[in-house]
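Lettering of chains follows the sequences in order, A, B, ..., and the numbering in each one begins at 1. Keep in mind that this is a model prediction, so the values were computed, not measured. Just so it is clear, the values below take in all heavy atoms, side chains as well, and ignore hydrogens, waters and symmetry mates.
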Amino acid sequence: MPELPEVETIARGLEPRLRGRAVAAVELLHRPLLRRGGPKALAALKGRRILGVRRRGKMLFIELEGRRTLVFHLKMTGQFLFSPAAEPRDKHTRLVLRFEDGRDELRFHDIRKFGFLLCVDGDPACACGELAALGPEPLEIGLPDFAALLKQRRARIKALLLDQTALAGIGNIYADEMLFDAGIHPRKPASALSRAAVGRLHAAMRKILTQAIAEGGSTLQDFRDAEGREGNYQDSHMVYGRAGEPCPVCGSAIRRIIVAGRGTHFCPRCQ
DNA sequence: GCCACTGTTAGCAT
DNA sequence: CATGCTAACAGTGG
């Protein structure tokens, strides 16, 4: 579930509640979650203060003193929630961060167990090939670079939008929404887009992601921010999850097809 | 109960 | 190399 806007929302919510707090312990409840660093690296976080929380693509970074970083990928069902230490833990809780002030604890909850954690000493990009290979941020890439990127790829435009090495952070929902906004068919080869279409897609990408962040992301089933709140952007979805409903622009029935192995929603007339 | 479906991506086949 | 499918997991809904 969490794509760029959801992870950004989580990071912004975690930051003020984590910054400056010292870690008392990290409890790993599901061993496979930890893909880099090992239990010793987690133990070495004791006593260190949290300096900040950032996002890169769909990954979330908790930065600590001494160049240590916890890198989380939430995959489909990862969530963070603060709870009083006395409150019973859900069976899907995979990791708990306890603090020296003892006010509450941060729990990482992940039903499907696809999420992962890296505990890194130094530059996170050196510890994870996937992280090092991430493409540019969609909200930072300029139009000339975006156009050059599309020009050199023959894959379907939707597959390119989902390719994290091309652009970092776009997932299934926002790929469909930005293609609709730009009036582009999801199966169109990226290199075949006209100059005008590339311009529309660049603008749509910025508009959709910016609005989604402003709305706190989209909640379809699981997504909650660090305060347990749902996002609101699902109310603004034009095509995602609306197969069979009339297109908000032209009234044609929204269709659902499979592109790049993913359920894909689009208007056959506008796109 | 069984089957189809789900927001991600790694790994393998083509 | 580039691209496309499928499996990994667990839960939900028909």
A.B. asks: Between A/D101 and A/R21, does any side-chain N to carboxylate O distance fall below 4.0 Å?
C.D. replies: yes
A.B. asks: Taking only residues two or more places apart in sequence or in another chain, which ones pass side-chain contact (heavy atoms from CB on, under 4.5 Å) with A/E87?
C.D. replies: A/S83, A/P84, A/R107
A.B. asks: Which residues pass the side-chain contact (heavy atoms from CB on, under 4.5 Å) test with A/A148, sequence neighbours left out?
C.D. replies: none
A.B. asks: Please determine if a side-chain N or O atom of A/Q164 lies less than 4.0 Å away from the OP1 or OP2 oxygen of B/dT8.
C.D. replies: no
A.B. asks: When the distance from CD1 of A/I257 to P of B/dC5 is rounded to whole Å, what number comes out?
C.D. replies: 15 Å
A.B. asks: Look at the side-chain N and O atoms of A/H73 and state whether any lies under 4.0 Å from the OP1 or OP2 oxygen of B/dT9.
C.D. replies: yes
A.B. asks: List the atom pairs, donor and acceptor, that lie under 3.5 Å between side-chain atoms in residues 243-252 of chain A and the rest of the protein, sequence neighbours left out.
C.D. replies:
unit_1: A/E245; atom_1: OE1; unit_2: A/R242; atom_2: NH1; d: 2.8

A.B. asks: Between P on B/dT9 and CZ on A/R35, what's the gap in Å once rounded to a whole number?
C.D. replies: 11 Å
A.B. asks: Should A/Y174 be listed as having a side-chain N or O under 4.0 Å from OP1 or OP2 of B/dG7?
C.D. replies: no
A.B. asks: Measuring only between side-chain heavy atoms, which start at C-beta, is A/L220 closer than 4.5 Å to A/Y240?
C.D. replies: yes
A.B. asks: According to salt bridge (Lys or Arg N to Asp or Glu O under 4.0 Å), does anything in residues 8-20 of chain A pair up with another residue at least two apart or in another chain? List the pairs.
C.D. replies: A/E8-A/R12, A/E8-A/R55, A/E15-A/R19, A/R17-A/D104, A/R17-A/E227
A.B. asks: Side chains of A/L74 and A/D110, heavy atoms from C-beta outward: is any pair under 4.5 Å?
C.D. replies: no
A.B. asks: Using a 4.5 Å cut-off on heavy atoms from C-beta on, say whether the side chain of A/L97 contacts that of A/F108.
C.D. replies: no
A.B. asks: NA contact type, A/F116, heavy-atom cut-off 4.0 Å: base, sugar-phosphate, or nothing?
C.D. replies: nothing
A.B. asks: A/L4 has an atom CG; how far is it from atom C1' of B/dG7, in whole Å?
C.D. replies: 14 Å
A.B. asks: Quick one, give me the B/S/- string for nucleotides 7-14 of chain C, reading 5' to 3', where B means a protein heavy atom under 4.0 Å from the base and S means that only happens at the primed atoms, P, OP1 or OP2.
C.D. replies: -BBBS---
A.B. asks: Figure out the CG/P separation between A/D222 and B/dC5, and round it to whole Å.
C.D. replies: 19 Å
A.B. asks: Output the rounded distance in Å from CZ (A/R262) to C1' (B/dT9).
C.D. replies: 9 Å
A.B. asks: Scan nucleotides 3-6 of chain C against the protein and return all N/O pairs shorter than 3.5 Å with their distances rounded to 0.1 Å.
C.D. replies:
unit_1: C/dT3; atom_1: OP1; unit_2: A/R154; atom_2: N; d: 2.8
unit_1: C/dT3; atom_1: OP1; unit_2: A/A155; atom_2: N; d: 2.9
unit_1: C/dT3; atom_1: OP2; unit_2: A/R153; atom_2: NE; d: 2.8
unit_1: C/dT3; atom_1: OP2; unit_2: A/R153; atom_2: NH2; d: 3.4

A.B. asks: Return one dot-bracket line describing DNA chain B 5' to 3' (Watson-Crick or G-U wobble pairs, both distances under 3.5 Å; ( ) same strand, [ ] crossing, | another strand, . none).
C.D. replies: .|||||.|||||||
A.B. asks: Pick the C1' atom in B/dT9 and in C/dT12, then give their distance to the nearest Å.
C.D. replies: 22 Å
A.B. asks: Starting at atom CG of A/L161, determine the distance to atom P of B/dG7, rounded to an integer number of angstrom.
C.D. replies: 15 Å
A.B. asks: For DNA chain B, whose closest nucleotide is more 5', that of A/G263 or that of A/E130?
C.D. replies: A/G263
A.B. asks: In terms of relative ring orientation, are A/Y174 and A/H237 parallel, tilted or perpendicular, with 30° and 60° separating the classes?
C.D. replies: perpendicular
A.B. asks: Hydrophobic cluster mates of A/L29, side-chain heavy atoms under 4.5 angstrom, ILVMFWY only, any path?
C.D. replies: A/V96
A.B. asks: Using the C1' atom in both, what is the distance from C/dT3 to B/dG7, to the nearest Å?
C.D. replies: 22 Å
A.B. asks: Please give, in whole Å, the distance from B/dG7 P to A/F72 CZ?
C.D. replies: 24 Å
A.B. asks: Show me the donor-acceptor pairs within less than 3.5 Å that the side chains of residues 258-267 of chain A make with the rest of the protein, sequence neighbours left out.
C.D. replies:
unit_1: A/T264; atom_1: OG1; unit_2: A/K158; atom_2: NZ; d: 3.0
unit_1: A/T264; atom_1: OG1; unit_2: A/R262; atom_2: O; d: 2.9
unit_1: A/H265; atom_1: ND1; unit_2: A/D176; atom_2: OD2; d: 2.8

A.B. asks: Grab the N/O contacts between the protein and nucleotides 11-14 of chain B below 3.5 Å, and write none if there aren't any.
C.D. replies:
none

A.B. asks: Test of understanding: with side-chain contact (heavy atoms from CB on, under 4.5 Å), list the residues that count as partners of A/A25, not counting sequence neighbours.
C.D. replies: A/R98
A.B. asks: Between B/dC12 and C/dC9, how far apart are the two P atoms, rounded to whole Å?
C.D. replies: 16 Å
A.B. asks: Whole angstrom is fine here: how far is it from CG in A/D110 over to P in B/dG7?
C.D. replies: 16 Å
A.B. asks: Which residues pass the ring-ring contact (aromatic ring centres under 6.0 Å, His included) test with A/F114, sequence neighbours left out?
C.D. replies: none
A.B. asks: Which one of A/R200, A/H202, A/M205 satisfies the side-chain contact (heavy atoms from CB on, under 4.5 Å) criterion with A/M178?
C.D. replies: A/M205
A.B. asks: Output yes when a side-chain donor or acceptor of A/E65 lies under 3.5 Å from a complementary backbone atom of A/L51, and no otherwise.
C.D. replies: no
